[in-house]
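I have placed the structure first, in the form of structure tokens, so that the comments after it can refer back to it.
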There are 2 protein chains.
Amino acid sequence: MQSKPTTIKEIARILNISPSSVSRGLHDHPSIGAVTREKIKQLAKSLNYEPNNAAILFQKGKTYTIGVILPELSEHFFSIAISAIEDEAIKKNYTVIFAQSHDNYEQEVKLVEKMKNQRVDGLLVSISKDTSKFDHFEKLNSFNIPVVFFDRIPPFKNVHYVACSLESATIKAVNYLLKKGHRSIGMINGPNTLYASEERKDGYMQAITFNRLKFDPSLVVNCDLTEQGTIEAANQFLNHKRKPTAIVAFNDYVALFLIKYFKKLNVINDFDVVSYANLPIISYLDNSPVASVEQYPYLQGQKAANILLDLIHSPNSENQAYYNTIVESDLIVNEVKE
Amino acid sequence: MQSKPTTIKEIARILNISPSSVSRGLHDHPSIGAVTREKIKQLAKSLNYEPNNAAILFQKGKTYTIGVILPELSEHFFSIAISAIEDEAIKKNYTVIFAQSHDNYEQEVKLVEKMKNQRVDGLLVSISKDTSKFDHFEKLNSFNIPVVFFDRIPPFKNVHYVACSLESATIKAVNYLLKKGHRSIGMINGPNTLYASEERKDGYMQAITFNRLKFDPSLVVNCDLTEQGTIEAANQFLNHKRKPTAIVAFNDYVALFLIKYFKKLNVINDFDVVSYANLPIISYLDNSPVASVEQYPYLQGQKAANILLDLIHSPNSENQAYYNTIVESDLIVNEVKE
DNA sequence: CAAAATTAATCAAACGTTTGCGTTATTTTT
DNA sequence: AAAAATAACGCAAACGTTTGATTAATTTTG
């Protein structure tokens, strides 16, 4: 029952011409006469000819495929980002294959290897949390596979990347709180190993010092981003000699934990919480953060994809300029609570 | 700089043996002696040999790739499901390529075509909302590409599918509300064109009649699932002669709209809302639904992927048995609100 | 010790498509 | 009318790997 797919050879045999002519005819090559061309196309259509992609890819050494490696697809941020990537890719007739590192370095290394074996034309990567070495990406260089990092990027500039400036976002957030009158602002930061933590802290410090306040390091506490860790961080604030009246949470999950805990202690009204918007329906909460940093995952994905496609099509691999694209993040102020 | 990747041929040339021996050596074929085998493997390693996947795929006519077509990757449900699919696929050394139909029939048709051209070994599909014809999938049959539908499945049995029984889930939900003492229960259903709407309604009716109550059709209202539509539906309930005391919402978005509206009217405490759990943090809401139907997207994705891989590996294509797998959904009762 | 069996490796074809280079005819230019 | 250009197509190699059929060398067997 499973009729073998029609091939160019078969069309050639039936029409009594050579396979090369068929190929050229199908591609409107000028050296094929109009009549033959039409005959070829007609027969191809009536035989339901479909080019064998595998053969073409093999022949051309291109796969028209871009790989995406990211930590967790089920995280809202990434699902939006990859959705954008796919939308862009399909416009240019590229296919997307993806894989999750599950925030595991070894897995990430393996996946890079696999993508390379799959001979993807380019790679989009958001690095895992426990990645601190980056040699696995350098191997791609020698295979001429361009890489664009997005959102979770390595801490150096000589790569292509698209990311949000969490620093400026944090400045905006802290400024907003200062303008609201807060004078003691706590920050629940992530582990120090994360570049994103560094950015947040830098932004915080800049905003504080720019406003001629003195920076109190004990108001920035590190946290493993779990619920338990959040509670411990919260306790530090509650017992602080200059108890903060506002808190910048590392992300929405932390904000949720925090709000839950504060509500339990019935101190929720003593705090304004600002967070980073990874989650969609956070605004439906009764005691939602007063503001959120929007990181525009769709835009980031879109830009990253387009840069990658650019790189793939740029003929000279020795183009030494690196795309370092910063997507400005905005502070979204939630409607005033009545 | 971009050194051409090492090939089997090159290894063969250096070792002065034939390419076929190299291939066999690398695959531990018995007809290659131990010493030669080791020499081959060593040289391969030292030359960083990587099999050219494109060539292998072409040669074998298999791609070790499964395609996934779904409506919207950014929907939480699907992002979880595809996350599971990828996890399963990678275990069996398969790669996942995916594309979004954006709930558009024409796009879906195109994507199926594209997947076929990519010669995926199998296809996983969650159909788009406005798909009512299914010929585009039948073409895959003749190419011997198995298809497994999941969650959003066609309304007939002679295909492979994995889905949740929304009917039994709805029965559970309604029963729960009845047990809580509610005697007038409203349902905000989706458009009648959706199979999922039918299932919900059937479940509702069964639960009602099984409990010897009389079914009031005016308590089941259709809704376009927008916020405006939800409000209109809510108004119908508020003006109903037997005003319901509990409402089954079509999904969490509808539930959110509903709760928001009820809160605005300050009637939120007059209702118990039950919903279907597409969203993660719904439980953080102050006035969250009292219970949610968990549809186990990860499990669905997992099962669908495994079934597909089974089908791919089953030698006889004439295996006429269809996998019709139902994932039992559970009613998750949220913690009692203090 | 000849015949059979085993071991170790080679040959060559095949997968489907593309493409540089030839080879004819036919037409155009001098 | 000869030379040059063009049009229309065929030839064959190439991409890298796998695999059935063979061969050659060695060992086992009766």
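In this text the structure is predicted, and so the values were computed from the model without any measurement.
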When the distance from [atom1] of [X] to [atom2] of [N] is rounded to whole Å, what number comes out?
X	N	atom1	atom2	value
A:H27	C:dT17	NE2	C1'	9 Å
B:I8	D:dT18	CD1	C1'	8 Å
B:N117	C:dT17	CG	C1'	14 Å
B:R119	C:dC15	CZ	C1'	12 Å
B:D28	D:dT18	CG	C1'	15 Å

Quick check on [N]: is either OP1 or OP2 less than 4.0 Å from any side-chain nitrogen or oxygen of [X]?
X	N	value
B:K9	D:dA14	no
A:S18	D:dG10	yes
A:S23	C:dT17	no

Regarding the side chain of B:S21, the nearest nucleotide among C:dA9, D:dG16, D:dG10 is C:dA9
Could you check whether [Y] and [X], counting side-chain N and O atoms only, form a donor-acceptor pair closer than 3.5 Å?
X	Y	value
B:N53	B:Y64	no
A:Q107	A:S128	no
B:D87	B:Y298	yes

Does the [N] base have a donor-acceptor partner in the side chain of [X] within less than 3.5 Å?
X	N	answer
B:R24	C:dT10	yes
B:S20	C:dC11	yes
B:R13	D:dG16	no

Quick one, which residues of residues 54-65 of chain A touch DNA chain D with a heavy atom under 4.0 Å?
A:F58, A:Q59
How far apart are the closest heavy atoms of B:T6 and B:Y49, and which atoms are they?
O-CD1, 3.3 Å
Taking all heavy atoms of B:I82 and all of B:L73, pick out the closest pair and write down the distance.
CG2-CD1, 3.6 Å
B:E50 pairs by salt bridge (charged side-chain N to carboxylate O under 4.0 Å, His left out) with which of A:R119, A:K116, A:K114?
A:K116
What orientation do B:F156 and B:F134 show, parallel under 30°, tilted 30 to 60°, or perpendicular over 60°?
perpendicular
Taking only Lys NZ, Arg NE, NH1 and NH2, and the carboxylate oxygens of Asp or Glu, determine whether A:K41 and A:D28 approach each other closer than 4.0 Å.
yes
Are the side chains of B:V112 and B:F137 in contact, using a 4.5 Å heavy-atom criterion?
yes
Which parts of residues 29-52 of chain A get close to DNA chain C, meaning a heavy atom less than 4.0 angstrom away?
A:Y49, A:P51, A:N52
